[in-house]
There are 2 protein chains.
Amino acid sequence: MNEERYHQTVQLFSLLSHPVRLRILDELRRGETCVCHLQEVLRRPQPYISQQLRVLREAGVIASRKQGLYVYYRLSDERMERMLEESLGPAGEAHSLPHCSCPCCRNDESLRL
Amino acid sequence: MNEERYHQTVQLFSLLSHPVRLRILDELRRGETCVCHLQEVLRRPQPYISQQLRVLREAGVIASRKQGLYVYYRLSDERMERMLEESLGPAGEAHSLPHCSCPCCRNDESLRL
DNA sequence: TCGGTATATGCATTTTCCTGCATATAGTCT
DNA sequence: AGACTATATGCAGGAAAATGCATATACCGA
């Protein structure tokens, strides 16, 4: 019985069938990213971003690394990565954000991640 | 702006993130199938199956062909087919159902579709 | 230890989806 | 035309998801 297989797959697709989560995942596949970065890109309040990150984290498709005040997120599921490639095409370039002052957006190259 | 691309993709994943619809799609990629067949495989009431078929039809991922009393459904979207392959692996064999008397399940080979 | 910043959590409300059921339509056969 | 079968549609109650907001936690520097 691959009842289980269907169930897993539905779970995976549920994560992807949400505009904000899909865009978060698309950002993450371009490289490790901190929360404030996503906040800037998606233009949504921080608690909202964190909520969606939690959903993704609990589902096991992303992982995080804490460094000082910042938390850096990345994809941690190959299947997810393949689905993103299949549906959205190859990953684009990471955005560099003028208004964001976190290490990963730092204009100052020397402090870049 | 590929805002539109994200939106389309979310729609596509929404269709797939539902246990019954996912299984219907998995059946359809094994070959053309009538409603009573799906009813048997999924063990759900007929109006319910038809509702889900409508969702898929209106989204444009399946097409139908009417022949007498029967309506035969099939996949009509390559992208969908690729996502199914990616997520569920290669399509299995079509089921032949002992209790179903529609042309596509007919035990009597001569009447087979 | 205190103030400030980055991120997380809890909760409540709105909205959207799921699903069951009654009924409608369309085609076939006599 | 009337009975029967396969499929479609409409609607409603309940469940679950989405989202906004208040607040909590964790870490840093002074």
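Protein chains get the first letters and strands the later ones, always in sequence-line order, with residue 1 at the start of each. On a predicted model such as this, the values are computed, not experimentally measured, just so you know. No hydrogens, no waters, no symmetry mates; every other heavy atom, side chains included, goes into these values.
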Rounded distance in Å - CD1 (I24(B)) to P (dC18(C)): 12 Å
Under-4.0 Å salt bridge between E27(B) and R74(B): no
S50(A) side chain to R57(A) side chain, donor-acceptor N/O pair below 3.5 angstrom: no
Gap separating the CD1 atom of I62(A) from the CE atom of M80(A), nearest 0.5 angstrom: 9.5 Å
Euclidean distance, atom CZ of residue R65(B) to atom C1' of dG27(C) [Å, nearest integer]: 15 Å
Inter-residue atom distance S14(A).OG - F13(B).CZ, 0.5 Å rounding: 11.0 Å
Whole-Å gap separating P (dA18(D)) and CG (L56(A)): 11 Å
Atom pair distance, as rounded to whole Å: CD1 in I62(B) and P in dT7(D): 13 Å
Filtered N/O pairs between nucleotides 8-11 of chain C and protein, under 3.5 Å:
from, atom 1, to, atom 2, distance (Å)
dA8(C), OP1, Y73(A), OH, 2.6
dA8(C), OP2, S50(A), OG, 2.9
dA8(C), N7, Q46(A), NE2, 2.7
dA8(C), N6, Q46(A), OE1, 3.3
dG10(C), O6, Q51(A), NE2, 2.7

Integer-rounded Å distance: dA17(D) P and E58(A) CD: 13 Å
Candidate nucleotides dT19(D), dT7(D), dA26(D), ranked by approach to the side chain of L69(A) - the nearest: dA26(D)
Sub-4.0 Å heavy-atom contacts from residues 8-22 of chain B onto DNA chain C, ordered by number: H18(B), R21(B)
Under-4.0 Å salt bridge between R30(A) and E93(A): no
Donor-acceptor side-chain pairing of R54(B) and Q52(B) below 3.5 angstrom: no
Nearest-angstrom distance from the residue atom NE2 of H37(A) to P of dT7(C): 12 Å
Step-by-step salt bridge (charged side-chain N to carboxylate O under 4.0 Å, His left out) determination, R82(A) to E85(A): CA-CA 5 Å; R82(A) 272 183 285 126; E85(A) 175 106 16; over 6 Å; no
Flag side-chain contact, heavy atom, 4.5 Å: Y73(A) against I24(A): no
Length of the OH-P vector between Y70(B) and dC29(C), whole Å: 10 Å
R65(B)/E32(B) ion pair, N-O < 4.0 Å: yes
Interatomic distance where CD belongs to Q67(B) and P belongs to dT7(D) [whole Å]: 12 Å
